[in-house]
Amino acid sequence: MHIVIVGLSHNTAPVEIREKLAFAPTAMEQPLRQMLALPAVAEGLIVSTCNRVELCAATKEPEAAIVELRRFLADFHEISADEINDNLFEYQGEEAIRHLFRVASSLDSMVLGEPQILGQIKTAYGYAAEFKTVGLILNRFLHKAFSVAKRVRTETAIASNAVSVSFAAVELARKIFDRIDDKGVMIIGAGEMCELAARHFVANGISKVLVTNRTFERAEKLATEFNGKAIPFDNFVDHLAEVDIVMTSTGAPNFILGKRQMEEVLKRRKNRPMFLIDIAVPRDIDPKVNKLDNAYLYDVDDLQGVVQANLKERQKEAGKAEVIVEQEIGQFHQWLGNLEVKPTIIALRQKLEEIRRQELEKTFGNLKDLGKKERKSVEAMTNAIINKILDQPTAVLKRTQNDTSGEDYVDAVRALFDLPAPADDDNEIKPLDDTDQG
């Protein structure tokens with residue numbers, strides 16, 4: 001059995017192509033069942049996010065499966081194959097294993113080390129399990145991918161260090177104050193970036209949230225979301241002394257906070273330090289504020305510098321993660337190679353042993369005068385013959401299990417000796433255990 005993957009990602013296709021091929025997360029049953037109905041596909045899984053669409057399949061005919069999956073992707077979305085062929089990638093065998101392990105470990109993500117992709121793959125697996133389109137192969141494959149991703153997160157620092165402007169602000173606040181769970185923050189402006197930063201601050205235990213915006217209703221809505229307090233924009237300066245952290249992004253054409261105003265604020269705070277994050281362009285806070293004692297002002301370029309430095313640190317950790325992926329590929333590939341070889345060898349031995357026993361019974365039935373010692377000698381001789389017969393085919397099956405010819409030998413042995421198909425005792429869908437949750 002082989003694993004194949006066909007798809008596209010932010011590395012191979014622009015967003016206008018990716019969005020055309022996306023699968024609705026709430027309507028996965030139909031595409032999964034259609035995918036499983038393809039003649040060469042034995043098991044199937046669909047991963048669809050804003051940055052990638054990937055079809056993963058278990059198959060005995062990898063080349064045929066790839067052709068069918070390419071056609072299915074175009075036909076399902078009613079798009080010409082010619083329109084997307086140049087954007088698609090395809091992997092099979094070891095390359096397919098490597099690809100999914102790297103994707104799950106966020107080594108192929110737009111933002112290296114981001115944690116969302118693992119959750120998205122687990123969700124995709126959940127749909128495939130619900131609609132019973134994964135079996136023994138992909139079930140084991142996905143669980144292995146989850147454990148690889150967990151190893152990468154546990155044994156490397158690839159997910160450490162903030163690589164978004166909003167989270168970099170939280171990271172800097174921690175460095176300035178040591179702890180922020182006893183601090184207050186004021187959000188000036190209710191745009192997406194400020195909202196995201198507020199979420200990060202609240203998630204990290206900030207104790208007080210004030211929100212102001214030129215549209216007071218918008219400030220009230222955001223404040224309610226974070227169990228905070230909305231204040232009128234016209235007198236937000238009067239409340240600055242109440243907080244330790246200020247984040248602003250208003251889109252105002254001129255400074256909304258000057259050096260003289262901040263001097264008064266710091267006096268009211270008895271010179272306790274303040275951290276100000278100005279991500280507005282044009283800037284909201286006069287850069288001269290940074291010259292004041294106990295005022296730490298960062299603009300968007302400062303934060304981008306922090307993000308870039310952190311990305312370099314993640315890149316260093318990526319090398320360690322790649323080593324882990326390579327280690328795990330070999331283990332899974334060996335399991336996949338053993339999947340049919342081991343039961344074939346067992347079935348072949350059982351078949352020959354059954355023949356040996358039947359023939360011994362006939363022989364002993366016709367030679368009733370044989371003594372106990374002679375019977376043991378005959379049994380030992382026939383057992384030795386069976387072992388000699390099995391030596392060569394067993395050696396060939398084991399030697400070729402990781403080669404492209406391995407499956408041909410397995411099929412040949414099963415056909416020649418009329419062996420039953422491997423049992424599917426492990427073919428049920430197993431729930432994720434604690435070790436897979438990461």
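Residue indices begin at 1 and follow the sequence shown. Because the structure is predicted, anything quoted here is derived from the model rather than measured.
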Looking at side-chain heavy atoms only, is the closest gap between L210 and T212 below 4.5 Å?
no

Please determine whether a side-chain nitrogen of the Lys or Arg among E94 and R98 lies less than 4.0 Å from a carboxylate oxygen of the Asp or Glu.
yes

Are any side-chain N or O atoms of N139 and backbone N or O atoms of L136, one a donor and one an acceptor, separated by less than 3.5 Å?
no

Assess whether atom CG of D181 is packed by more than 12 heavy atoms of other residues, nucleotides or ligands within 6.0 Å.
yes

Heavy-atom closest pair (D108 atom, S9 atom, distance to 0.1 Å) is OD2-OG, 4.4 Å

Strictly by modelled atom types, are D293 and N271 linked by a side-chain donor-acceptor pair under 3.5 Å?
no

Can you tell me which residue among H2, H99, E63 is in a side chain to side chain donor-acceptor pair (under 3.5 Å) with Q92?
E63

Distance in Å, L73 CG paired with N85 CG, rounded so as to fall on 0.5 Å steps:
10.0 Å

Verify whether one side chain among Q327 and R151 offers a donor that lies under 3.5 Å from an acceptor in the other.
yes

D299 side chain vs D302 backbone, donor-acceptor pair below 3.5 Å
yes

Non-hydrogen side-chain atoms of I180 and V170 separated by less than 4.5 Å:
yes

Taking the side chain from T215 and the backbone from E217, do they hold a donor-acceptor pair closer than 3.5 Å?
no

In terms of the angle between their ring planes, are F89 and Y91 parallel, tilted or perpendicular, with boundaries placed at 30° and 60°?
tilted

What distance separates I79 CD1 from I17 CD1, expressed to the nearest 0.5 Å?
7.0 Å

Test item: T59 side-chain N/O and A40 main-chain N/O as donor-acceptor pair under 3.5 Å
yes

F201 and F226: aromatic ring centres closer than 6.0 Å?
no

Could you report the tightest heavy-atom contact between R272 and A241, atom names first, then the distance?
NH2-O, 4.2 Å

Straight-line distance of L266 CG to N294 CG, nearest 0.5 Å:
6.5 Å

Just how far is it from atom NZ of K259 to atom NZ of K291, taken to the nearest 0.5 Å?
6.5 Å

side-chain contact (heavy atoms from CB on, under 4.5 Å) between V185 and I187, worked out:
CA-CA 7 Å; V185 62; I187 303 297; 4.0 Å; yes

Close side-chain approach of T133 to V41, heavy-atom, < 4.5 Å
no

Are L257 and V265 side-chain neighbours, meaning at least one heavy-atom pair lies under 4.5 Å?
no

Hey, is the main chain of A230 close enough, under 3.5 Å, to the side chain of E220 for a donor-acceptor pair?
no

Give a yes or no on whether the backbone of I66 and the side-chain of E90 come within a donor-acceptor separation of less than 3.5 Å.
no

Testing the basics here: between A321 and V152, what is the closest heavy-atom pair and its distance to 0.1 Å?
CB-CG1, 3.7 Å

Taking salt bridge (Lys or Arg N to Asp or Glu O under 4.0 Å) as the criterion, tell me which of R179, K208, R269 meets it with D244.
R269

Check whether more than 12 heavy atoms from other residues, nucleotides or ligands sit under 6.0 Å from atom CD of E78, and answer yes or no.
no

Does any N or O in the side chain of E43 come within less than 3.5 Å of the main-chain N or O of A58, such that one atom is a donor and the other an acceptor?
no

Salt bridge or not for E195 and K221, using N-O below 4.0 Å?
no

Are E155 and K320 close enough for a salt bridge, meaning some N to O gap below 4.0 Å?
no

Would you give the length of the straight line joining atom CZ of F146 to atom CG of L100, rounded to the nearest 0.5 angstrom?
8.0 Å

Before you tell me yes or no, could you show the steps for L118 and R153 under side-chain contact (heavy atoms from CB on, under 4.5 Å), namely the whole-Å CA-CA distance, both residues' side-chain angles and the distance that decides it to 0.1 Å?
CA-CA 11 Å; L118 182 59; R153 292 198 309 278; 2.7 Å; yes

Between the side chain of R18 and the main-chain N/O of C50, is any donor-acceptor distance below 3.5 Å?
yes

With side chains defined as the heavy atoms from C-beta onward, is the minimum distance between F76 and L21 less than 4.5 Å?
no

Indicate whether the side chain of R174 and that of N204 have a donor and an acceptor atom separated by less than 3.5 Å.
yes

Is there a side-chain contact (heavy atoms from CB on, under 4.5 Å) between I117 and Q120 once you walk through the steps?
CA-CA 5 Å; I117 185 61; Q120 290 165 333; 3.4 Å; yes

S105 side chain to L107 backbone, donor-acceptor under 3.5 Å
no

Considering only heavy atoms from C-beta outward, does the side chain of E83 approach that of K20 to under 4.5 Å?
yes

Search all heavy atoms of G44 against all heavy atoms of A128 and return the closest pair with its distance.
O-CB, 3.9 Å

M28 versus F23, closest heavy-atom pair with distance
SD-CB, 3.8 Å

Whether T12 side chain and L8 backbone form a donor-acceptor pair below 3.5 Å
no

Look at the rings of F101 and F332 and say which category their plane angle falls in: under 30° parallel, 30 to 60° tilted, over 60° perpendicular.
perpendicular

R260 atom CZ, over 12 foreign heavy atoms within 6.0 Å:
no

Below 4.5 Å, heavy atoms only, C-beta onward: do L222 and N213 meet side chain to side chain?
no

Test item: V103 and E54 side chains (from C-beta on) under 4.5 Å apart, heavy atoms
yes

Distance, nearest 0.5 Å, that separates CG of D278 from CD1 of I256:
7.5 Å

Minimum heavy-atom distance I206-K183, with the two atoms named:
CG1-O, 3.3 Å

Greater than 12 external heavy atoms within 6.0 Å of N235's CG
yes

Verify whether one side chain among N290 and Y298 offers a donor that lies under 3.5 Å from an acceptor in the other.
no

Start with the C-alpha distance between Q34 and D75, add both sets of side-chain angles, then the distance that settles side-chain contact (heavy atoms from CB on, under 4.5 Å), and finish with yes or no.
CA-CA 11 Å; Q34 287 187 20; D75 290 349; over 6 Å; no

